[in-house]
Amino acid sequence: MAHQSSPEDLVRAARAVGVTDDRLLEAVRVTPRAAFVPAGHLASAYLDVPIPLPHDQVTTQPSLVAMMVSALGLTGGERVLEVGTGYGWQTALLARLAACVVSVERWPDMVEEARRRLAGQGLGNAEIVPGDGTLGMPARAPYDAVVVCAAFPEVPGPLVAQLRTGGRLVQPIGPGGREQVELYERRAHGLMHRGTVVSARFVRLYGAHGYDQRLYVPTREGRVGTTGCEPAPPLPPTGPARRCRRRQRW
């Protein structure tokens, strides 16, 4: 009998690349990726592969998502900024692992798709906003963690400014199509490089502090992480919907 793929396949893929965070592995298990991919790609939802999205975008490979989220070291009380929402599967994982997620997506129709799909999972602690991700979302700053889902040769200055001292930032550094996913920590003087997470391929980061959108040329193939990237104790249930509110103290 043919094997029917399931979230357990993505859990195994995450463990295969070294992810050991039990809370993250359980989040992968209980967050149905099938609810966050286009209808025409449901058969691939639980394969460890990128999936095409509108506007020449693609989802990040699940094992790579797990590696990037793991590098943030989330413990449950953080405010997280995500740059690049897509259809929201990574956003959903972050919402289960942190107190609040603010995700910026530059395509308005994808903003609506992500909002609808996250609402369908009862995840109300993720705020999806349209805009230029390279500018971050200063009204909700400071953030304990930032994850950038597109490539640029350097970290945009506004994202550094919105990250609190001691916070972590993960971003693919490179021209788009061939880069290193790097981990940084915010110090009083700026970012300190903490290490390389993995080599991967991502779409380019466009915006005021990224590549010029006027130079964007659609291609037939989207690009995103293609590292190859498994079970855990129960994750505490996600509470009722909550909007992100700026905290005055941390």
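All figures in this text were calculated on a predicted structure; none of them were measured in a lab. Computed from heavy atoms alone, side chains included, the values below leave out hydrogens, waters and symmetry copies.
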Item checked: Backbone N/O of P175 and side chain of R204: donor-acceptor pair under 3.5 Å -> yes
Item checked: Distance (rounded to the nearest 0.5 Å) between Q61 CD and I51 CD1 -> 10.5 Å
Item checked: Test item: W89 side-chain N/O and T60 main-chain N/O as donor-acceptor pair under 3.5 Å -> no
Notebook entry, point to check: Can a salt bridge be assigned to the pair R106 and D132 using a cut-off of 4.0 Å between side-chain N and carboxylate O?
Noted result: no
Checklist line | Connected via hydrophobic side-chain network under 4.5 Å: L135 and L81 | finding: no
Notebook entry, point to check: Rounded to the nearest 0.5 Å, how far apart are CE of M192 and CZ of R168?
Noted result: 9.0 Å
Notebook entry, point to check: Any donor and acceptor pair, going by atom type alone, linking the side chain of Y143 with main-chain N or O of M137 inside 3.5 Å?
Noted result: yes
Check: How many angstroms lie between atom CZ of R33 and atom CD of Q90, to the nearest 0.5 angstrom?
Finding: 11.5 Å
Note to self: Working to the nearest 0.5 angstrom, can you tell me the gap between R23 CZ and R96 CZ?
What the structure shows: 11.5 Å
Notebook entry, point to check: Under a 4.5 Å cut-off applied to non-hydrogen side-chain atoms, are R186 and V146 in contact?
Noted result: no
Checklist line | L118 backbone acceptor or donor facing Q121 side chain under 3.5 Å | finding: no
Margin query: Do T85 and M110 make a side-chain contact, defined as non-hydrogen atoms from C-beta onward lying under 4.5 Å apart?
Written below: no
Note to self: Let me confirm one number: the CZ-CG distance from R194 to L169, rounded to the nearest 0.5 Å.
What the structure shows: 12.5 Å
Notebook entry, point to check: Counting N and O atoms only, with roles assigned by atom type, does the side chain of E182 sit under 3.5 Å from a partner on the main chain of H193, one being a donor and the other an acceptor?
Noted result: no
Checklist line | Smallest separation among heavy atoms of G86 and L53, with atom names | finding: CA-CD1, 4.0 Å
Margin query: Would you compute the distance between atom NE2 of H55 and atom CD of E105 and round it to the nearest 0.5 angstrom?
Written below: 8.0 Å
Notebook entry, point to check: Just by distance, do the side chain of D144 and the backbone of R79 share a donor-acceptor pair under 3.5 Å?
Noted result: yes
Margin query: Test of understanding: clusters of I, L, V, M, F, W, Y form through side-chain heavy atoms closer than 4.5 Å, transitively. Do V129 and L163 belong to the same one?
Written below: yes
Item checked: For E82 against S103, the heavy-atom pair lying closest together -> OE1-OG, 2.6 Å
Checklist line | For the student: nearest non-hydrogen atoms of T165 and A188, plus distance | finding: CG2-N, 4.2 Å
Notebook entry, point to check: Under 4.5 Å between any side-chain heavy atoms of V37 and Y87, yes or no?
Noted result: no
Item checked: Heavy-atom pair with the smallest gap, counting every atom of L93 and A27 -> CD2-O, 3.4 Å
Next item on the list: Looking only at non-hydrogen atoms, find the nearest pair between C149 and G84 and report the distance.
Entry: SG-O, 3.7 Å
Notebook entry, point to check: With a 4.5 Å limit on heavy-atom distance, are the side chains of L97 and D21 in contact?
Noted result: no
Check: Do V58 and V49 belong together in a cluster built from hydrophobic side chains that touch within less than 4.5 Å?
Finding: no
Note to self: Please say yes or no: joined through hydrophobic side-chain contacts below 4.5 Å, possibly via intermediate residues, are L47 and L42 part of one cluster?
What the structure shows: no
